[in-house]
Amino acid sequence: MIKSKKEILLKAYAIGLLLVIMSVGIVYKLINLQTDPEQREKLESFTQRTNFREAIIPAQRGNLYASDGSLLATSVRHYDIAIDAKAMRQELVDQHLNALADSLSKMFGKDSKHYAKIILNAKHNEKQYLRLARNLNFRQLNRVKKFPIFDQGQIKGGFIVEDKLIRERSVKDIGARTLGYVKGDSIKVGLEGAYNDLLSGHDGRRLEQRMGGGNWRPISVSTEVDAEEGMDVVTTIDIGLQNVAYNTLYQQLTDYEAHHGCVIVMEVKTGEIKAIANLTRLDDGNYADIQNFAVGEASEPGSTIKTISLLAALDSGKVDTATTVATHGGRMRLFGRTISDSYGYGELTVKQILEKSSNIGTAKVVTDIWQQEPEDFMDIINGRWKLNQKLDVDIPGEAEPYIPDPDGKSWSKQTLSSFSFGYESKLTPLQLLTFYNGVANNGIMLKPLFVKQIRKHGDIVKEFQPVVRVKKMAADSTIKKMQAMLAGTVKTGTGRAFYNEHYSAAGKTGTARVEYWRKDIPIQYRASFAGYFPVEDPKYSVIVVVHKPSRTKGIYGSTVAGPVFQALMEHVYVSTPKPYLIPDTLQLKTTYAAKKPFNINSNKKTIPNLLGKKGYEVIPALENLGFEVTYTGVGKVKSQSIEPGSALPKVKKIHLELDNI
């Protein structure tokens, strides 16, 4: 008996050991299949011979949203429908073929006899795959699923559904390069590229069987792994500002036949990028957003850099805004080279040097202080303000800034003066705007932000806060002086062309020569403007750069780039009228009759004639009467959706078209 028990135990142990060895062998084989390319290739070859494969189920890509929650880009699922005629039950075909053919005909347009014929032929030949329609949306698919025979599914009705994801943008061209795209594993552009890992999610897997004609159909088995959809990215983009930025830039480039241009709008207190547009001239004369100049093109900034030079000079304590500088008759030899101004200004204060954009004045101020010790000047530029460092923004492709090095081989006795008024250095528009935004933000320089939140299923996963790049650019008193100088530049200086007594703004124009070293072509120019508004409590900073405008049309920053800034400013004032209403106590010049604020008599029961009235006056007046106002454009009222003299509607909605007429 004992012997019998021992034999049983030994046999049990032997069997157990055998099972363990087999299990280890199976696990080893599975691991080997996953890690050994040769073994994997053999398995794939086997699945091909047996007409099966493991297919990838693409994950639903996350959405891109504007700052207000408006959809910017989404992945739309499209569906192809087909039939497995072999799987389709004969009794269903006998009973419902005509009804199915009629349904397909009504939906897709071809004659019902066509559908009946191809389905019968497929059934006769036991064809396992016959495509009937492509690119159906979800609503159309649900309708098709209810058709006779198809409502029995794949096993009985032979109904096959194949889905695919297509990326679609709601805003089309007005921010294409900023939103970006992804192609394969190597090409990643814009926000789509920067946040690809979060947006893309995780693909699933399923088993598929080969059908005729090189097609595959999914097989429902328990080993299928569902795809995990990507997260959503909420950008900082403001649709209204983006629309104005794109359209006004397009208009200016067209009017001045420019090669390319860009515009960026930044929120002063947060560093959030509210609008960014880049346009390049095509062969047919139209413009398209095909290259991100705002982030990826570093170039000589021209006169907009004078703000940087003079802020450093003011903060050194060696000069003040009232310090006078002799600029002579508009031409001056300095360190063996002639420097010129547009006009002969004579003696100017430091404040007037910026307002009139004097090259001579700026060069003399900077070289008088730092010509013997240029490294001290560069310590401010690079050490304190970090202008020689990239911003490391989310958008890929940021260009490297170039700031000359006093110890470098290219440094000469003329370099410091050239740098001071905009040459022998390179900055991207975004890098330069970051500096101006810091001045507007009382000396706190912020990193540009393109994203507000990351969300998953509507819940906030991560929220982005302002990132301080430089805590204190200069003494508070120095920043205040520069703010006053920039306001004066718009009011009485080179930016006076778009000065508006009702809209306070500050900034600096720029007109830089480009490719001036080439002797085979006429000199070309780059027109720019960098500034912010309103002066009292800055909300937005803006930079506009227009590259190679036609020399016969205009080249100056005030006339070529300035109107884009002006349009953005007007849009903000009109869109948010209450904080910026003209005070009742405003006194206009005595040479003009006192102008009363626009008002609509609330006792009248008819719609007034608004044509020709200024938008920033009309819109708040209508809102005070309880109207919901929508509008397009900027400037004065060109048309109104409700005819003048019409009775006040019960539903108080009105649309206005504005234009600078």
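- Applying the side chain to side chain donor-acceptor pair (under 3.5 Å) criterion to S303, with sequence neighbours excluded, gives K306, S357.
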Between T235 and L64, does the side chain to side chain contact (heavy atoms under 4.5 Å, CB included) criterion hold? Intermediate values first, please.
CA-CA 7 Å; T235 73; L64 280 176; 4.1 Å; yes
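- Annotation: side chain to side chain donor-acceptor pair (under 3.5 Å) contacts involving residues 456-469, sequence neighbours excluded, comprise E228-K456, Q453-E463.
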Sequence neighbours excluded and cut-off under 3.5 Å, please list the side-chain donor-acceptor pairs for residues 387-396, or say none.
{"unit_1": "K390", "atom_1": "NZ", "unit_2": "E398", "atom_2": "O", "d": "3.3"}
{"unit_1": "D394", "atom_1": "OD1", "unit_2": "Y195", "atom_2": "OH", "d": "3.4"}
{"unit_1": "D394", "atom_1": "OD2", "unit_2": "Y195", "atom_2": "OH", "d": "2.7"}

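- Applying the side chain to side chain donor-acceptor pair (under 3.5 Å) definition to pairs two or more places apart or across chains, none involves residues 558-569.
- Residues forming a side chain to side chain donor-acceptor pair (under 3.5 Å) with S541 (at least two apart in sequence, or on another chain): N437.
- Under the 3.5 Å distance criterion, the side-chain polar atoms of N63 are left unmatched by any main-chain donor or acceptor of T74.
- Here F419 pairs with F377 under the ring pair (Phe, Tyr, Trp, His ring centres under 6.0 Å) rule; sequence neighbours left out.
- Looking at S420 and S309, their side chains never bring a donor and an acceptor atom within 3.5 Å of each other.
- For D315 and T478, the side-chain atoms include at least one donor-acceptor pair closer than 3.5 Å.
- Judged by distance alone, with hydrogens and angles left aside, the side-chain atoms of E192 form no donor-acceptor pair with the main-chain N or O of L179 at under 3.5 Å.
- With sequence neighbours excluded, the residues satisfying side chain to side chain contact (heavy atoms under 4.5 Å, CB included) with A487 are A506, V535.
- Under the rule for a side chain to side chain contact (heavy atoms under 4.5 Å, CB included), the partners of K548 that lie at least two apart in sequence or sit in another chain are H259, V514, E515, Q524.
- For I380, the side chain to side chain contact (heavy atoms under 4.5 Å, CB included) partners at least two apart in sequence or on another chain are A312, W370, R384, W385.
- Listed by first and then second residue, the salt bridge (charged side-chain N to carboxylate O under 4.0 Å, His left out) pairs involving residues 271-280 are E272-K274, E272-K452 (not counting sequence neighbours).
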Would R513 and E300 count as a side chain to side chain contact (heavy atoms under 4.5 Å, CB included) if you check the C-alpha gap in whole Å, the side-chain angles of each, and the deciding distance to 0.1 Å?
CA-CA 9 Å; R513 293 179 299 163; E300 292 178 313; over 6 Å; no
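- For residues 61-82, there are no ring-ring contact (aromatic ring centres under 6.0 Å, His included) pairs, not counting sequence neighbours.
- In this structure Y436 satisfies the side chain to side chain donor-acceptor pair (under 3.5 Å) test together with T307, sequence neighbours excluded.
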